[in-house]
Number of protein chains: 2
Amino acid sequence: MAKRPPAPPRREGSLSRDRIIEAAIVILDEAGEGGLTFRALAERLVTGPGAIYWHIANKGELLVAACDAIVARAMSEVSGDATPEASIRAIALGMFDAIDEHPWVGSALTHAPGQLPAVRLLERLGQPLRALGVRRDREWTTVSALLSYILGVGAQNAANRQFALTEGLERGAFLASVSTAWSELDAEDYPFARSIGEQLRDHDDREDFLAGIDLILGGIGSLGHGPTV
Amino acid sequence: MAKRPPAPPRREGSLSRDRIIEAAIVILDEAGEGGLTFRALAERLVTGPGAIYWHIANKGELLVAACDAIVARAMSEVSGDATPEASIRAIALGMFDAIDEHPWVGSALTHAPGQLPAVRLLERLGQPLRALGVRRDREWTTVSALLSYILGVGAQNAANRQFALTEGLERGAFLASVSTAWSELDAEDYPFARSIGEQLRDHDDREDFLAGIDLILGGIGSLGHGPTV
DNA sequence: ACCTGAACACCGTTCAAGT
DNA sequence: ACCTGAACACCGTTCAAGT
């Protein structure tokens, strides 16, 4: 008689890397970075903390994997666009919106330098940059600037959200408190910060983000693309 | 007979906010973010962990204070420059170099949104931006873009260093490993990343950073400053 | 007023033991 | 092969007790 097959089909509830990552994303969305612990994860997956280590090396790898799942999804949803500039805007906005929906991705991306999630973004930005006619020897510098800007905004958005969540403020209250704090700075040492508080109070993060992208695109455009030096 | 004065002069070794911050900076420089614990700090200051809480509310405040000390120093060392563009470059480079020397500042800055350290930087950038003739209603958008870029590069540099430190690699080895990983990516899905690995391997972080600043400045310049719309 | 250090409520990670 | 859960070596923070 044949023995039981050595690898019986997993039962519905069995653990897997993907199920763990999915649960991690839910926790991160609900409770922020501080909420993701192996104990909370184990509870949600109805198992012990040790079980998770069979599928994932450590917390860092889990964060990168969760981040990558979001970035991959976001990038796959970006549709091709008419001009290279429009493509770059669309990719950047896709990432912005993904981070807006999952703030923890902003900091996770930054903490995983050179790893898959960032590479996905880099790759998507690279194609339209080539189409723009950026010189080969300036490709790295140029994508790198775009990437740094996108990650910079993302990380700050993440920090803002985290701060507001910790303090128990919503966005409006948070901005108001910062704006007030700035307006109370020393008049002699901080004239600019004092005067700009108003613009801070009712700005639009998404518009500002896009304006920054356009500044960089403007800089790329004004460089000229000829074979100079 | 007069009683002992109620507040005798502190003995040399007594604790103070400043001494704590200084010690924190030393630890952060030597051991990175992970090395800063209240126990390590207490040991260095020859006291107990509880004593520190008399002078500082919590770890977050300590990090912001340490970060602020570095930023204040860096900004005070930036000298006034001939043109607004040169000033902005000098401020940005001053910050870059400070983060290069104290990588943890890169992430600390990002995690303290709207707080004093970032405001110092914002203030310094604001003056030359006005001199550049940026329209009043675009001031926030413009400094914000510069700030996001500077913080973005800073946070990534911090992450790179942290990663290399954790992995026990120096910069060259780290770049080589990333470059190799990229060149081994799927040829169909990652043509750009594969081809750019070479430029990554021997790039200069400081030059790239400045090139990004110049792109943004170029974008600001090409906008025109007139009273349009 | 300022400091001490034990104690509390957590972490990430490991590992013998089970199935 | 995969899971369990106690145990280890840490954390940040608190607080009664000291000076």
Side-chain angles (χ1 to χ4, degrees), chain A residues 3-21 23-24 27-28 31-67 104 107-108 111-112 162-163 165-167, chain B residues 3-21 23-24 27-28 31-67 104 107-108 111-112 162-163 165-167:
Chain A
K3 289 185 203 143
R4 268 271 194 77
R10 308 236 168 89
R11 45 177 247 276
E12 246 268 301
S14 84
L15 235 47
S16 73
R17 197 180 146 89
D18 281 350
R19 269 174 55 86
I20 292 170
I21 291 169
I27 293 177
L28 285 162
E33 301 185 62
L36 181 65
T37 68
F38 278 79
R39 282 166 181 84
L41 200 50
E43 194 180 3
R44 173 161 240 119
L45 293 165
V46 199
T47 179
I52 295 161
Y53 282 89
W54 184 262
H55 301 274
I56 270 168
N58 52 46
K59 192 173 179 177
E61 187 187 311
L62 178 57
L63 266 167
V64 173
C67 174
W104 52 272
S107 78
H111 288 92
Q162 182 60 44
F163 190 84
L165 193 137
T166 309
E167 264 2 55
Chain B
K3 289 185 201 144
R4 267 275 193 73
R10 309 235 167 89
R11 45 177 248 275
E12 248 266 305
S14 86
L15 235 47
S16 74
R17 197 180 146 89
D18 282 349
R19 270 175 52 88
I20 293 170
I21 292 169
I27 293 177
L28 285 162
E33 301 185 60
L36 181 66
T37 68
F38 278 79
R39 284 166 179 85
L41 200 49
E43 194 181 2
R44 171 162 242 120
L45 293 164
V46 198
T47 179
I52 296 162
Y53 282 90
W54 185 262
H55 301 274
I56 270 167
N58 52 47
K59 192 173 181 179
E61 188 187 310
L62 178 57
L63 266 168
V64 173
C67 175
W104 51 274
S107 79
H111 287 92
Q162 182 59 44
F163 190 85
L165 193 136
T166 308
E167 252 23 38

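Lettering follows sequence order; numbering is per chain, from 1.
For DNA chain C, the residues of residues 58-66 of chain A within the heavy-atom distance limit of 4.0 Å (strictly under) are A:N58, A:K59, sorted by number.
Residue B:R39 comes nearest to B:P49 through the heavy atom pair CG-CG, 4.5 Å, listed as atom of the first residue, atom of the second, then distance. In terms of heavy-atom proximity, A:I21 sits nearest to A:A66 at CG2-CA, 3.9 Å. The shortest non-hydrogen separation linking B:A42 to B:I52 is N-CD1, 3.9 Å. Considering every non-hydrogen atom in both A:L41 and A:A24, the closest pair reads CD1-N, 3.7 Å.
Within the structure, the salt bridge (charged side-chain N to carboxylate O under 4.0 Å, His left out) test picks out the following pairs touching residues 43-56 of chain B (sequence neighbours left out): B:E30-B:R44. Listed by first and then second residue, the salt bridge (charged side-chain N to carboxylate O under 4.0 Å, His left out) pairs involving residues 47-57 of chain A amount to none (not counting sequence neighbours). The salt bridge (charged side-chain N to carboxylate O under 4.0 Å, His left out) pairs that include a residue from residues 46-65 of chain B are B:R17-B:E61, where partners are two or more places apart or lie in different chains.
When each of A:I27, A:L36, A:L28 is tested with A:W104 by the rule side-chain contact (heavy atoms from CB on, under 4.5 Å), just one qualifies, namely A:L28.
Distance from the side chain of A:T37 is smallest for C:dG12 among the nucleotides C:dC8, C:dG12, C:dC3. Here the side chain of A:R39 is nearest to one of C:dT13, D:dC3, C:dC3, namely C:dT13.
Residue contacts shown for B:I56 are absent, as no nucleic acid heavy atom lies under 4.0 Å away.
Protein atom CD1 of B:I27 is 15 Å distant from nucleotide atom C1' of D:dG12, rounded to whole Å. The NE2 atom of A:H55 sits 7 Å away from the P atom of D:dC2 (whole-angstrom rounding). In this structure, A:I52 atom CD1 and D:dG5 atom P are separated by 13 Å, rounded to whole Å. In this structure, CG of A:L45 is placed 14 Å from P of D:dG5, rounded to the nearest angstrom. Atom-to-atom, CG of B:L41 to C1' of D:dC11 comes out at 14 Å; the value is rounded to the nearest Å. Computed from coordinates, the B:R17 CZ to C:dC2 P distance equals 14 Å when rounded to whole Å. At whole-Å resolution of the value, CZ in B:F38 and P in C:dA6 are 18 Å apart.
With a 3.5 Å limit on both pairing distances and Watson-Crick or G-U wobble geometry required, the stems of 3 or more pairs in DNA chain D span C:4-8 with D:12-16, C:12-16 with D:4-8.
Taking the six-membered ring for Trp and thresholds of 30 and 60 degrees, A:H111 and B:H111 have ring planes inclined between 30 and 60 degrees apart.
A:F38 CZ to A:N58 CG: the interatomic distance, rounded to the nearest 0.5 Å, is 7.0 Å.
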Exercise. Go along nucleotides 14-19 of chain C 5' to 3' and tag each nucleotide: B for a protein heavy atom under 4.0 Å from its base, S when only backbone or sugar atoms are that close, - otherwise.
Key: BB----
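A donor-acceptor pair under 3.5 Å is formed between the side chain of A:R19 and the backbone N or O of A:S14.
Contact annotation: B:W54 side-chain N/O to C:dC3 OP1/OP2 distance is not under 4.0 Å.
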